[in-house]
2 protein chains.
Amino acid sequence: MPTKTAAQQRAEAKMAYNAYVAACPSRQLLDSISDKWVTLVLASLAEGPQRYSELARRLAGVSQKMLTQTLRKLERDGMLTREVTPSVPVRVDYELTPLGASLHTVVLQFKTWAESHMDDVIAAREAYDVAGAVSA
Amino acid sequence: MPTKTAAQQRAEAKMAYNAYVAACPSRQLLDSISDKWVTLVLASLAEGPQRYSELARRLAGVSQKMLTQTLRKLERDGMLTREVTPSVPVRVDYELTPLGASLHTVVLQFKTWAESHMDDVIAAREAYDVAGAVSA
DNA sequence: CGGGATCCCTGCTGATACTG
DNA sequence: CAGTATCAGCAGGGATCCCG
């Protein structure tokens with residue numbers, strides 16, 4: 001069945017490439033960061049340790065599922081610590097680790113770049129959209 | 001129907017928050033960057049102008065749909081220029097703009113951080129997983 | 001109060017086929 | 001060669017319920 005050779009080769013190349021990409025540290029980091037809530041949790045916790053419910057309030061709009069998921073992920077990655085106080089109403093405090101704080105620094109750099117260049121991007125978008133509207 | 005008030009309030013809060021988040025420049029940038037292929041296209045084009053087919057080859061594993069989509073998005077954001085040469089076999093060249101190059105710089109910083117801290121992250125993950133396995 | 005488990009649905013992604 | 005349009009599959013994300 002030589003007809004499938006091309007497709008198979010493509011599939012192999014793709015898998016190899018995906019493996020390569022998946023192994024890339026920056027890719028992994030990027031995948032982490034790109035999670036919608038990661039940066040927000042980071043930003044919130046950068047201001048000091050916080051309880052679960054406080055995070056939930058500050059990040060209004062996040063479902064508790066996503067919040068928990070995000071927190072667990074960050075905990076697993078060593079970005080924050082989770083401390084449970086088994087009082088009658090359970091109390092859980094989250095705090096950034098040095099690693100997490102470090103990551104937050106990088107995110108902040110990102111933010112800085114965004115704030116100083118976003119005008120250009122927006123301008124470019126408008127120009128692009130206008131040009132498209134003309135030809136349409 | 002006062003029974004829905006709570007849900008509605010949640011919905012409103014969520015929408016307001018989403019709007020707030022969507023308006024944040026760093027959020028927008030992050031959304032752009034987090035696109036799987038954006039950084040790769042950036043990295044590839046950082047080495048010089050390239051044709052569509054060349055990009056497709058270098059970024060093996062990307063579907064032409066995603067590639068085109070990514071390119072158009074970046075073009076719209078003023079990150080790269082698209083030059084069409086209407087020869088018999090059509091030829092299209094892509095080139096990074098200064099803005100795109102600038103963005104690539106930031107991504108590179110990101111990469112640097114990732115490479116120097118990913119060990120810690122991986123170590124943290126393993127420690128976390130082991131601890132979890134013990135209690136399971 | 002914190003969070004695990006489940007269901008459901010949207011939308012992103014990829015494969016295929018067609019145009020200029 | 002470059003790109004668009006359509007279709008189908010799947011995972012991410014949200015809402016809800018329930019447990020400690």
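Reminder, nothing fancy here: chain letters follow the sequence lines and each chain counts from 1.
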C:dG2, D:dG14, D:dA2: which one has an atom nearest the side-chain heavy atoms of A:W37? D:dG14
What nucleotide among D:dT16, C:dG3, D:dA2 has an atom nearest to a side-chain atom of A:Q64? D:dT16
Using OP1 and OP2 only, check whether a side-chain N or O of B:Y52 sits under 4.0 Å from D:dT4. no
Rounded to the nearest Å, what distance is computed from the CZ atom of residue B:R57 to the C1' atom of nucleotide D:dC1? 11 Å
Could you tell me the separation between the CD atom of A:E54 and the C1' atom of C:dC1, rounded to a whole number of Å? 14 Å
Going by an N to O cut-off under 4.0 Å, is there a salt bridge joining A:R58 and A:E47? yes
Separation of C:dC1 atom P from A:L67 atom CG, nearest Å, is 15 Å
What is the distance from CZ of A:R82 to C1' of C:dG4, rounded to the nearest Å? 11 Å
Phosphate OP1/OP2 of C:dG3 contacted by A:R72 side-chain N/O (<4.0 Å): no
Under 3.5 Å, which protein N or O atoms sit close to an N or O of nucleotides 9-12 of chain D? Give each pair with its distance.
none

Which nucleotide sits closest to the side chain of B:P89: C:dG2, D:dC1, C:dG3? D:dC1
Could you please name the option among C:dG14, C:dG2, D:dG3 that lies closest to any side-chain atom of A:S53? C:dG2
Which nucleotide in C:dC1, D:dC1, D:dG14 has an atom nearest any side-chain atom of A:S63: D:dG14
Give the rounded distance in Å between these two atoms: CG of B:L71 and P of D:dC1. 17 Å
Close side-chain approach of B:D77 to B:L103, heavy-atom, < 4.5 Å: no
note: A:D93, atom CG; C:dC1, atom C1'; distance rounded to Å ~ 12 Å
Once you apply a heavy-atom cut-off of 4.0 Å, does B:V90 come out as touching a base, just sugar-phosphate, or nothing? base
Phosphate OP1/OP2 of D:dA2: any B:R91 side-chain N/O under 4.0 Å: no
Difference in axis direction between the ends of the helix from C:dC1-D:dG20 to C:dG20-D:dC1, five pairs, 10°: 40°
Residues A:R27, A:D31: salt bridge by 4.0 Å N-O rule: yes
Have a look at B:L74 and tell me which of B:T81, B:D35, B:L80 forms a side-chain contact (heavy atoms from CB on, under 4.5 Å) with it. B:L80
Measure up the A:F110 and B:F110 rings against each other and bin them: parallel (under 30°), tilted (30 to 60°), perpendicular (over 60°). perpendicular
Would A:L42 end up clustered with A:V92 when hydrophobic side chains under 4.5 Å apart are linked, directly or stepwise? yes
Using whole Å, report how far CG of B:D31 lies from C1' of C:dG11. 14 Å
Would a single hydrophobic cluster contain both B:L108 and B:W37, if residues Ile, Leu, Val, Met, Phe, Trp and Tyr are joined by side-chain heavy-atom contacts under 4.5 Å? no
Whole-Å distance, A:K36 NZ to C:dG11 C1', equals 13 Å
How many angstroms lie between CD in B:E54 and CG in B:L45, if you round to the nearest 0.5 Å? 9.5 Å
Joint hydrophobic cluster, A:V84 plus B:Y128, side-chain heavy atoms closer than 4.5 Å: no
Closest to side chain of B:K65, choosing from D:dG3, C:dG4, D:dC7: D:dC7
Cluster link B:M118 to A:L99, ILVMFWY, side chain under 4.5 Å: yes
